[in-house]
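Read through the structure below, which is laid out as structure tokens, and then see the notes.
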Amino acid sequence: MFRLWGKIWKDNHMIRDTVYEEQSEDTRTHKIFRGLDEICHEFDLERPIWLDPTIAEFKRHSRARFGQDSFIEQISFDYLEIQVLEEG
């Protein structure tokens with residue numbers, strides 16, 4: 001089971017969250033991208049851009065934050081955070 005937790009933060013408060021689950025035998029990268037797509041769809045957001053610092057953070061901690069610099073449109077929150085909860 002692969003689980004990816006998506007959270008929207010504003011003023012140091014989590015204002016919305018969801019968990020994406022998948023049981024396929026696909027690669028970790030594909031699961032992460034599909035999970036991010038589903039999380040963004042549920043939150044009615046465009047897909048953020050993976051900047052180099054975001055990629056480095058995700059490689060180190062299995063967690064990434066997407067702030068305004070990762071979105072083309074204006075966002076009404078501080079950042080979107082994704083975190084891998086379970087891999088297997």
Side-chain angles (χ1 to χ4, degrees):
M1 169 81 69
F2 175 84
R3 294 175 35 184
L4 187 67
W5 189 13
K7 302 171 266 188
I8 292 180
W9 293 86
K10 183 170 182 155
D11 299 326
N12 292 324
H13 291 90
M14 182 172 57
I15 58 174
R16 194 158 177 208
D17 74 320
T18 188
V19 175
Y20 169 78
E21 296 180 351
E22 182 175 325
Q23 294 186 5
S24 76
E25 295 297 322
D26 210 348
T27 66
R28 181 179 195 254
T29 302
H30 288 136
K31 291 176 187 179
I32 291 164
F33 286 139
R34 263 197 308 276
L36 181 58
D37 285 348
E38 288 298 317
I39 288 167
C40 288
H41 179 74
E42 184 167 331
F43 291 160
D44 194 26
L45 296 172
E46 63 178 295
R47 185 183 323 152
I49 299 166
W50 287 83
L51 302 173
D52 289 340
T54 310
I55 294 168
E57 177 186 8
F58 194 80
K59 286 179 180 178
R60 280 193 308 274
H61 305 293
S62 292
R63 175 187 316 200
R65 291 181 177 180
F66 300 95
Q68 180 61 63
D69 57 342
S70 296
F71 292 92
I72 295 171
E73 296 177 359
Q74 190 67 27
I75 57 174
S76 60
F77 51 88
D78 294 333
Y79 59 89
L80 166 67
E81 180 178 67
I82 60 170
Q83 178 181 358
V84 175
L85 293 177
E86 180 179 348
E87 295 183 72

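Bear in mind that the values here come from a model prediction, so they are computed numbers and not experimental data. Only this structure's heavy atoms are used, side chains among them; waters, hydrogens and symmetry mates stay out.
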If you count every heavy atom of other residues, nucleotides or ligands that lies below 6.0 Å from His13 atom NE2, does the total exceed 12? no
Which residues pass the side-chain hydrogen bond (donor to acceptor under 3.5 Å, both in side chains) test with Thr27, sequence neighbours left out? His30
OG of Ser70 to CG of Leu45: how many Å apart, nearest 0.5 Å? 12.0 Å
Hydrophobic clustering (ILVMFWY, side-chain heavy atoms < 4.5 Å, transitive) - are Tyr79 and Leu36 grouped together? no
Scan the side chains in residues 80-88 for donor-acceptor partners under 3.5 Å anywhere in the protein, sequence neighbours excluded, and list what turns up.
from: Glu81; atom 1: OE1; to: Lys7; atom 2: NZ; distance (Å): 2.9
from: Glu81; atom 1: OE1; to: Trp9; atom 2: NE1; distance (Å): 3.4
from: Glu81; atom 1: OE2; to: Arg65; atom 2: NE; distance (Å): 3.2
from: Gln83; atom 1: OE1; to: Lys7; atom 2: NZ; distance (Å): 3.1
from: Glu87; atom 1: OE1; to: Arg28; atom 2: NE; distance (Å): 2.6
from: Glu87; atom 1: OE2; to: Arg28; atom 2: NE; distance (Å): 3.2
from: Glu87; atom 1: OE2; to: Arg28; atom 2: NH2; distance (Å): 3.4

Could you measure the distance from the CE atom of Met1 to the CD atom of Gln23? Nearest 0.5 Å is fine. 4.0 Å
Once you round to the nearest 0.5 Å, how far does CZ of Phe66 lie from CG of Asp78? 15.5 Å
Once rounded to the nearest 0.5 Å, what's the spacing between atom CZ of Phe43 and atom CD1 of Ile15? 9.0 Å
In terms of hydrophobic clustering (I, L, V, M, F, W, Y; side-chain heavy atoms under 4.5 Å; direct or indirect links), are Ile39 and Trp5 co-clustered? no
Connected-component partners of Leu51 among ILVMFWY, side-chain separation under 4.5 Å: Ile49, Ile72
For residues 31-47, which residue pairs qualify under salt bridge (Lys or Arg N to Asp or Glu O under 4.0 Å), counting only residues two or more places apart or in two chains? Glu22-Arg34, Asp26-Arg34, Asp37-Arg47
Quick one: pull up OH in Tyr20 and CG in Leu4 and give me the separation to the nearest 0.5 Å. 8.5 Å
Across all chains, not counting sequence neighbours, the ring-ring contact (aromatic ring centres under 6.0 Å, His included) partners of Phe58 are Trp50
